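For reference, the structure is listed below as structure tokens.
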Amino acid sequence: MADQLPNTPKLDELEKGKWPSFVTEIKMAAKRSPMAADLLGQLEQSYNEKIGYWKHGGIVGVMGYGGGVIGRYSALPEKYPNISHFHTMRINQPAGWFYTTSALRKVCDIWEKHGSGLTNMHGSTGDIILLGTKTDELEPVFDELQKIDFDIGGSGSDLRTPSCCCGMARCEWACYDTMALTHDLTMHYQDELHRPAFPYKFKFKMSGCPNDCVASIARSDLSIIGIWRDEIQIDKAAVTEYAGKGMDIQSDVVGNCPGKCINWDGKTLTIDDSYCRHCMHCINVMPKALRPGKDRGAMLLIGSKAPIIEGAFLSSVLVPFVKIEPPYTEIKDLVDKIWDLWCEEGKNRERVGEFIQRVGLSAFLDEIEVDPIPEMVAHPRENPYVFYEEYEEDE
Amino acid sequence: MAEAMQERRTDYGPPHYEQFLPPIIKENYGKWKYHEILKPGVMVHVSESGANLFTIRAASGRLISIDKIRMFCDLADKYCDGYLRFTSRHNVEFLLSKKENIEPLIADLKKIGHPIGGMANSITSIVHTQGWVHCHSAATDASGIVKSVMDDLIEYFENMKLPGKLRIALACCLNMCGAVHCSDIAILGVHRRPPKIDHSKVNKMCEIPNVSASCPTAAIRPATVDGNPSVEVLEDRCMFCANCYTVCPAMPLNDPINDGVSIWVGGKVSNARHEPMFSKLFIPYIPNNPPRWPEVTGAIRNIVEIWAANAKPYERLGEWIERIGWPKFFKMTGVQFQSEHIDDFKHAGLTFKRSTHITF
């Protein structure tokens, strides 16, 4: 079919250069898929005319599921008939994005048979994205995915596919087992993941340490970030080795400590852990010499999101430290309380962070039965507009 | 049919990750002691048990074909006993227990056009959205800008000579599927004209109260237009977020003459040193200039080079700007400060300079 590829001089420019080219990828797929060939044609037209040619949404799916398939239709179906439907399927990735080649090859075989042959590895939320197929092919794809034990991910106003860093599988900084928690929550909340019943989307992201490799604090309604609460483990010999190899410990390590709690006298490094802010910098710089403490768990933070509607939020502290151990009852109980409240009182398309902003954090905490603590705020309020609830009567 | 329904499984969830972990990881799960970066794109994790796990990180586009996945699989079969993984930023990682396989694997990856790098003080792959490839609300393409920017910055992917990490992200509209709002450099597609309302369709396709409620500045109100129940937009209040279009297909904002990108700088996600920060507006608008958006790649190279030449070791872009102050950053980069840079949304006053801490 290679001789039928459309003429794409603009896109061809993007096959030059050293970074892997998505145009080359689409062309590879187009050798066997007329869908990918029409995608090239439509995309070249977008490049010429500086506008996209996809219609707005459309509800499609597979039986028994309310989410996980994104309907997509070309606005130019007569010109590009093979992408008149070009739906996306979100496939729940295995936690940590580890694969065997045999499992990946099976996914590829399904997508060769039933789809465009194009994917995203992975989408922003973490799913395997199978990019582009027709409505008639959705059920057959799902049928085959079942046989290889891959299930559909989230979309719309539901729990979105949880994702995590590689945690204990390949990181010495993991303060809890991110992959185990991610898999457990994903399995526990299958109904919430597959059937949109929330006011809006809800995301969990699990990071094993405050370096936050999955950007949990910026883009998850519940951010679960690994942390420790005892002393950073110091290997004195390894500190000496770093110094011996020319590291400027005073400037690079001590000088960058936000808690100003590290001391280096040229021979010995000491840390006053009661002032440590758990930022990870010293550990990042000297991974051989410093390690997180042994009393490990996670901090729960709530409410982050991108700008739409009320502006972008970062998550804020909800529970400073919790042990993360199966069956994770403490987290699930808290999540259930949050969802009960938000599903009852939240407005359409209101993320939980916006809901908290609207009703007030104090009122929210009261409803989910969590006591207010100073760790939850950067500082106490600066305005005097207090909703006092207690007062004395003149008897 | 009834039989078919009975056989149908749902809600079985993703495959358990354990079956995808190489033996060396299963044996050393939770026992890693430290890691070292051996050279750009290559690191070793050392276990309490003494085991060494080598990771090779290769660039990969977010949009890849099954042909490429199969090529990655061939390499993983050849060098890694059939195991591989992907990162949160679209890179592909090969996990090796045999050190002697590192160089042959790198050579094979380079043969299929995938550079090695993206570790430590480098620029790694750009997290991005679908753009014109697959989205209805895109104000720009995503993959094309990403490819152009990374072609230009490839030296910073393949080595570790920057003062600190630099994370770039791109979202093709304000919906920000890529959540780019805490990136060292964010490229954000923007619309600049109000929705073009198809009054004959609003009432058929959309819930009018939802459309009104969707507007962050309360610029949309119910109205009857040419006999159609519809909405009107107070255009001087519209800041082109396109949230109304998200809930109502009859209100498109896409405009080939006025759509383009904005550039934001100084955000971070990691807690290292400074707390996480949002990115701040730096260049309000650059017109779309496909296929290679040279004005965008040029603006980003300018930022990267000035930061690289002036920041202290480990200082991320936002930390450096905070130290030197925004006026100096605008001056050093030669970018004109203008009215768009001043916040006028909710709580805007918190971003005003409220002290005498200014350099001259």
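Keep in mind it's a predicted model, so treat the numbers as computed, not measured. So you know, we letter chains A, B, ... as the sequences are listed, proteins then strands, and number each from 1.
Judged by distance alone, the side chains of A:N120 and B:Q130 do bring a donor and an acceptor atom under 3.5 Å apart. Checked by atom type, the side-chain pair A:R170/B:N28 shows no donor-acceptor distance below 3.5 Å. Judged purely by distance below 3.5 Å, without hydrogens or angles, the side chains of B:D11 and A:H194 pair a donor atom with an acceptor atom. Using a 3.5 Å distance cut-off with no hydrogens or angles, the side chains of A:Y47 and B:D141 do pair a donor with an acceptor.
A salt bridge links A:E25 to B:K68: at least one charged side-chain nitrogen sits closer than 4.0 Å to a carboxylate oxygen. The existence of a salt bridge linking B:D151 and A:K16 is excluded, since no basic side-chain nitrogen approaches an acidic carboxylate oxygen closer than 4.0 Å.
Per-residue counts of heavy-atom pairs under 4.5 Å with chain A were compared for B:H128, B:M277, B:E93; the largest is that of B:E93.
Distance check, rounded to the nearest 0.5 Å: OG1 of A:T100 to CG of B:D81 gives 12.0 Å.
Partners of B:K346 according to the side-chain hydrogen bond (donor to acceptor under 3.5 Å, both in side chains) rule, which considers only residues two or more places apart in sequence or in another chain, are A:E310. Every residue two or more places apart in sequence or in another chain was checked for a side-chain hydrogen bond (donor to acceptor under 3.5 Å, both in side chains) with B:S270, and none qualifies.
Using cut-offs of 30° and 60° for the angle between ring planes, the B:H136 and A:H56 rings count as tilted. Between B:F20 and A:Y99, the ring planes lie tilted relative to each other; the angle falls in the 30° to 60° range.
Side-chain atoms of A:C108 and B:I69, non-hydrogen and from C-beta on, do get closer than 4.5 Å to each other.
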